[in-house]
Amino acid sequence: EIPKVRGRPEGNKTVISNLPQIATTLRRPIEHLLKFLLKELATPGEMRRGNMVLGSKVNAGRINQKIREYAEEFVFCPACGKPDTDLKQDGATTVMACSVCGNRQVVKSKI
């Protein structure tokens, strides 16, 4: 179960307080998840004191949707649907390897 984002607007910015918890649940580096979200949301942002600070107001539902898209692309095995995968560099390509069914698949999109 992917945790929902806990966020609040601060002026013209959005602060998400539980991105580290979400990254830990997905078993992915927070930098990878952050880079994906910033690209997909088309907004500047950074990690500051454990919080993700986005440079614009973004609806929490939209952020949750992008996190689900991230999980579908980089976490869940396309063969068995389990989240027990690891991302591994194989030269210039990134491979998602499933520890349950043994499936290995090249990750399509670059971040």
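Owing to the predicted nature of the structure, the values given are computational and were not obtained by experimental measurement.
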Write down the atom of [X], the atom of [Y], and the distance for their closest heavy-atom approach.
| X | Y | value |
| --- | --- | --- |
| Ala71 | Leu26 | CB-CD2, 4.1 Å |
| Arg27 | Pro83 | NH1-O, 3.5 Å |
| Arg104 | Lys88 | NH1-CD, 4.4 Å |
| Phe74 | Val107 | CE2-CG1, 3.0 Å |
| Val58 | Arg62 | CG1-NH1, 4.1 Å |
| Met96 | Pro78 | CE-CD, 3.7 Å |

Please say yes or no: joined through hydrophobic side-chain contacts below 4.5 Å, possibly via intermediate residues, are [X] and [Y] part of one cluster?
| X | Y | result |
| --- | --- | --- |
| Ile67 | Leu34 | yes |
| Val95 | Val100 | no |
| Val53 | Leu37 | no |
| Val15 | Ile30 | no |

query: Taking only residues two or more places apart in sequence or in another chain, which ones pass side-chain hydrogen bond (donor to acceptor under 3.5 Å, both in side chains) with Thr14?
result: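 side-chain hydrogen bond (donor to acceptor under 3.5 Å, both in side chains) check on Thr14 returns nothing, list empty.
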query: Do the side chain of Asn59 and the main chain of Gly61 share a donor and acceptor less than 3.5 angstrom apart?
result: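 Checked: pair present.
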- prompt: Hey, is the main chain of Phe76 close enough, under 3.5 Å, to the side chain of Thr85 for a donor-acceptor pair?
  reply: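 Checked: no pair found.
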- request: For a side-chain contact (heavy atoms from CB on, under 4.5 Å) with Met52, tell me which candidate from Leu33, Ile22, Leu19 qualifies.
  value: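 Of the listed options, the one satisfying the test is Leu19.
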- prompt: Tell me, do Cys80 and Asn103 make a side-chain contact under 4.5 Å, heavy atoms counted?
  reply: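 With C-beta onward as the side chain, the pair stays apart.
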query: So, do Gln89 and Thr94 sit near enough that their side-chain heavy atoms are less than 4.5 Å apart?
result: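 Answer yes - side chains close enough.
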field: Atom pair CD/SG of Gln105 and Cys98 - distance to nearest 0.5 Å
entry: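 Going from the CD atom of Gln105 to the SG atom of Cys98 covers 11.0 Å.
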task: Give, for atom CG of Leu38 and atom NZ of Lys66, the distance between the pair rounded to the nearest 0.5 Å.
output: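 Result: 12.5 Å between the selected atoms.
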- request: Sequence neighbours left out, what passes salt bridge (charged side-chain N to carboxylate O under 4.0 Å, His left out) with Glu46? Give chain and number order.
  value: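 Expected list: Arg48.
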- prompt: Under the side-chain contact (heavy atoms from CB on, under 4.5 Å) criterion, do Leu54 and Ile63 qualify, and how do the steps go?
  reply: CA-CA 11 Å; Leu54 299 174; Ile63 298 170; 3.9 Å; yes
Derivation and outcome, side-chain contact (heavy atoms from CB on, under 4.5 Å), residues Tyr70 and Glu40: CA-CA 10 Å; Tyr70 175 87; Glu40 289 291 312; over 6 Å; no
Table please: side-chain donor-acceptor pairs of residues 1-9 below 3.5 Å, with sequence neighbours left out.
from	atom 1	to	atom 2	distance (Å)
Arg8	NE	Glu10	OE2	3.1
Arg8	NH2	Glu10	OE2	3.1

